[in-house]
Amino acid sequence: MNINKTINGSNLTLAPEGRLDTITAPELEAVLKESLTDVKELIFDFESLEYISSAGLRVLLSAQKIMNKQGAMRILNVNDVIMEIFEVTGFSDILTIE
């Protein structure tokens, strides 16, 4: 999986490509761990994300908990497959999805 990372002041945008699953979730987790210091807004751009598994959901939940303390988190450009996963799991009620 490729993760495009853009920093604009205290805003961080991460745009993962491909599948966010058991194999690739640790990659995203590592990027978050090294990047979230002093971030006030975390944006995930899911335009190129095809699928998310429970491992990916766990990483998003962890990021949301951190951002609740230091700012805000939004998820953009969610496709129908991923939106359905968010709705079935209740994540659509927890996350800010635009």
Side-chain angles (χ1 to χ4, degrees):
M1 175 175 70
N2 189 30
I3 302 169
N4 295 313
K5 178 173 149 180
T6 308
I7 299 171
N8 184 4
S10 63
N11 294 354
L12 171 64
T13 301
L14 297 176
E17 299 175 355
R19 296 173 59 89
L20 184 52
D21 55 24
T22 308
I23 306 292
T24 58
E27 279 181 61
L28 181 59
E29 199 167 31
V31 169
L32 284 166
K33 218 171 257 188
E34 71 184 25
S35 305
L36 283 184
T37 307
D38 299 326
V39 169
K40 299 293 180 222
E41 183 174 34
L42 173 60
I43 300 167
F44 285 101
D45 184 348
F46 281 1
E47 185 173 6
S48 299
L49 191 68
E50 300 162 6
Y51 172 79
I52 188 166
S53 74
S54 59
L57 292 174
R58 183 184 54 76
V59 173
L60 290 182
L61 187 59
S62 174
Q64 182 66 64
K65 285 180 180 178
I66 292 167
M67 293 312 298
N68 283 345
K69 294 176 185 162
Q70 66 187 56
M73 182 174 114
R74 298 185 296 144
I75 301 175
L76 311 177
N77 303 314
V78 176
N79 69 29
D80 292 341
V81 172
I82 294 173
M83 192 62 200
E84 185 175 349
I85 292 167
F86 284 160
E87 288 171 354
V88 168
T89 59
F91 272 65
S92 57
D93 298 329
I94 299 168
L95 304 173
T96 303
I97 303 166
E98 299 175 3

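Note that the structure is a prediction, hence the values are computed from the model and not measured. Just the heavy atoms: all of them, side chains too, but no hydrogens, waters or symmetry mates, feed the values below.
Following chains of ILVMFWY side-chain contacts shorter than 4.5 Å, one cannot reach Ile23 starting from Ile3, and the two form parts of different hydrophobic clusters. Tracing side-chain contacts under 4.5 Å through hydrophobic residues (I, L, V, M, F, W, Y), one never reaches Leu32 starting from Ile43; they form parts of separate clusters. By the criterion of side-chain heavy atoms lying less than 4.5 angstrom apart, applied directly or through intervening Ile, Leu, Val, Met, Phe, Trp or Tyr residues, Leu76 is not grouped with Ile85; the two fall into different hydrophobic clusters.
Within the 4.5 Å cutoff, the side chain of Leu42 has heavy atoms near those of the Leu14 side chain. In this structure, Ile52 and Leu60 have side chains that are in contact, with non-hydrogen atoms separated by less than 4.5 Å. The shortest side-chain heavy-atom distance between Leu57 and Phe86 falls under the 4.5 Å cut-off. The shortest distance between side-chain heavy atoms of Thr13 and Asn8 does not fall below 4.5 Å. The side-chain heavy atoms of Phe91 and Ile97, taken from C-beta on, include no pair separated by under 4.5 Å.
Nearest heavy-atom pair, Met67 versus Val39, reported as atom, atom and distance to 0.1 Å: CE-O, 3.6 Å. Annotation for Pro16 and Asp45: closest pair CD-O, 3.6 Å, computed over non-hydrogen atoms. Between Glu17 and Met1, the closest heavy-atom pair is O-CG, 2.9 Å. Between Ser53 and Asp21, the shortest heavy-atom contact is OG-CA, 3.1 Å. Closest heavy-atom contact between Leu95 and Gln64: CD2-OE1, 3.5 Å. Of all heavy-atom pairs between Ala25 and Gly56, the closest is CB-N, 4.1 Å.
Surrounding NZ of Lys5 are more than 12 heavy atoms belonging to other residues, nucleotides or ligands, all under 6.0 Å away. By the neighbour-count criterion of 12 heavy atoms within 6.0 Å, atom CD of Glu84 is sparsely surrounded, having that number or fewer from other residues, nucleotides or ligands. Residue Asn4 qualifies as enclosed at atom CG: its count of foreign heavy atoms under 6.0 Å is above 12. Residue Ile94 places its CD1 atom among more than 12 non-hydrogen atoms of other residues, nucleotides or ligands, all under 6.0 Å distant. Heavy atoms of other residues, nucleotides or ligands lying less than 6.0 angstrom from CG of Asp80 number 12 at most.
One finds the CD atom of Gln70 at 8.0 Å from the CG atom of Asp38 (value rounded to the nearest 0.5 Å). Atom OG1 of residue Thr96 and atom CD1 of residue Ile75 lie 8.0 Å apart, to the nearest 0.5 angstrom.
A donor-acceptor pair under 3.5 Å is absent between the side-chain atoms of Glu29 and the main chain of Ser62, judged by distance alone.
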